[in-house]
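Below is one structure; the comments refer to it alone.
Counting convention: from 1, in listed order, for ligands and their atoms alike. Just so it is clear, the values below take in all heavy atoms, side chains as well, and ignore hydrogens, waters and symmetry mates.
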Amino acid sequence: MKIYNSLTRRKDEFVPNEPNKVTMYTCGPTVYHFAHIGNLRSYIMEDVLEKYLRFSGYDVKRTMNITDVGHLTSDGDTGDDKMLKGAKREHKTVMEIAEFYTNAFFEDCRRLNIKRPDVVEPATHCIDDFIRVISSLMDKGFAYEAGGNIYFDTSRLEQYYVFNDFKEDDLAVGVREGVEEDSNKKNKADFVLWFTKSKFDDQELKWDSPWGVGYPGWHIECSCISMKHLGEYLDIHCGGIDNAFPHHTNEIAQSEAYLGHKWCKYWFHVHHLNTNSGKMSKSSGEFLTVSLLEEKGYNPLVYRFFCLLSHYRKSLVFSYENLDNAAVSYNKLTAKIAAVLKDASGETDDAAYSRLMKSFTDALDNDINTALAITALYDVLRDGTNGATKIALIKEFDRVLSLGLIEAAERLNAVPEDAELPQEILDLAEQRKNARKEKNFALADELRDKISALGYVIEETRQGTKITKK
Ligand code: AMP
Ligand code: ZN
């Protein structure tokens, strides 16, 4: 299996540190708001990677942090604490906000068939670990105190900028907002490990430390949580591409300075989901959530399918038109599987099974090419082999793709084809279709609620309107 490694800037053969075992770390969400579908693109593609590693026989242990302290509005140590901002916005405490949005995040993941990582660790549970690692960095001369804060000294490293093949725009995403120079830093690239000189008198969460009462920087959280649960040698670190700099660059700097050896072998970065007006972000621009898509009548798994149709290293443009196209394809696909399912008895054909399985594994072995893996799925449906072989293959593929294919096909087969819908429902559905065409989503939502109140569930696709009795 080959995966593109941002460190080496090429597709590398995947060889974990220990045979058959994989340690995998994922930067978790900053829980001050709902995750948008851009964030979730990253988690969907990372989920496919994890599931494919398991599918290939690796024993995977995956850890994810929950950022509930220390992430400022600029990734470059300036601006407000995002959590505090969220708490103020909603007149709640930081911990209430963290709990609410952590639960909302995992609920979104559940709807998108994203597996929960083996370990999920909130940053606020690991303060002692951060203090221990920062103390060691101080002892080793990699960190210094200035103006009350503890900084990492990047001039002590042979090479700080390790991901320097990224485009300027990608690198700048995290640091653009509200950047102001911190005069305490010895070098421009130095970053905060521990804040005591809090700019925010009302910072809610603070802990005692050898350097005074304060709170950790965001970057140290991921290094420590990863090392705590996955040890000194990490196989794969994942995240959205905006995290490559400064976040992951800083993680490597501090982890390797602390450990005294190379830390993580493979860096897997998912490129952005954009809208026509630019990158989707929590703090600006269009903010689309899974709930919003559901409210508009989309099955969340159609969004997952939409993501899998593109390679994770290409930026992806979201539009309702593109999503509608994915919905049409998804519905056609599940309808075809439903037809095969009706006659899938008998023996599987081993030769056909191996041949068709090979196309699927070849696609994913080549840097998780999900688009080609979906083509392999269509090839199964087109193939001359019998139904039993096809269904056996689709079930296996869906262990990785997690598109709910068999379940959707079974649901389709459960609805009698001649089931008649009342005229009133058909009329409302027609009105809703027109409202959606005119992009009058408020009216479309109202009509959906009316249909729902009459006992029917409606799904709008380009193919037409799919209506089922509740
Ligand atoms: P955050 O909750 O802001 O810490 O981000 C969670 C994850 O989403 C990180 O891995 C980010 O790199 C990733 N991310 C942020 N914006 C986007 C986007 N527009 N498209 C894809 N991934 C994103
Ligand atoms: Zn991280």
Checklist outcome for this item: If we number the atoms of ligand 1 from 1 as shown, the ones under 4.0 Å from a heavy atom of P29 are 2 (O)

Next on the checklist: Quick test of your reading of the model: are R304 and D47 salt-bridged, counting only N-O distances below 4.0 Å?
Outcome noted: yes

Checklist entry - In degrees, rounded to 10 degrees, what angle do C27 atom SG and H247 atom NE2 make at the Zn ion (ligand 2)? => result 120°

Checklist entry - Going through the distances and angles, do D129 and K228 end up as a salt bridge (Lys or Arg N to Asp or Glu O under 4.0 Å)? => result CA-CA 8 Å; D129 299 281; K228 178 175 176 182; 3.5 Å; yes

Next on the checklist: So that I can tick it off, tell me whether E407 and R411 are bridged by a salt bridge, with the cut-off set at under 4.0 angstrom between side-chain N and carboxylate O.
Outcome noted: no

Checklist entry - Hey, is T67 one of the residues with a heavy atom under 4.0 angstrom from ligand 1? => result no

Item to check | Atoms in ligand 1 flagged as close to H36, the criterion being non-hydrogen separation under 4.0 Å | outcome: 16 (N), 17 (C), 19 (N)

Checklist entry - Near N243, which atoms of ligand 1 are under 4.0 Å from a heavy atom of that residue? => result 9 (C), 10 (O), 11 (C), 12 (O)

Next on the checklist: Check the orientation of Y52 and F55. Use parallel for under 30°, tilted for 30 to 60°, and perpendicular for over 60°.
Outcome noted: parallel

Item to check | S42 neighbourhood, listing ligand 1 atoms whose heavy-atom distance to it stays under 4.0 Å | outcome: 13 (C), 21 (C), 22 (N), 23 (C)

Checklist entry - Atoms of ligand 1 less than 4.0 Å from G239 heavy atoms? => result 10 (O)

Checklist entry - Between D59 and K61, does at least one N-O distance fall below 4.0 Å, as a salt bridge requires? => result no

Checklist entry - Is the distance from the Zn ion (ligand 2) to the nearest N/O/S atom of H219 under 2.8 Å? => result no

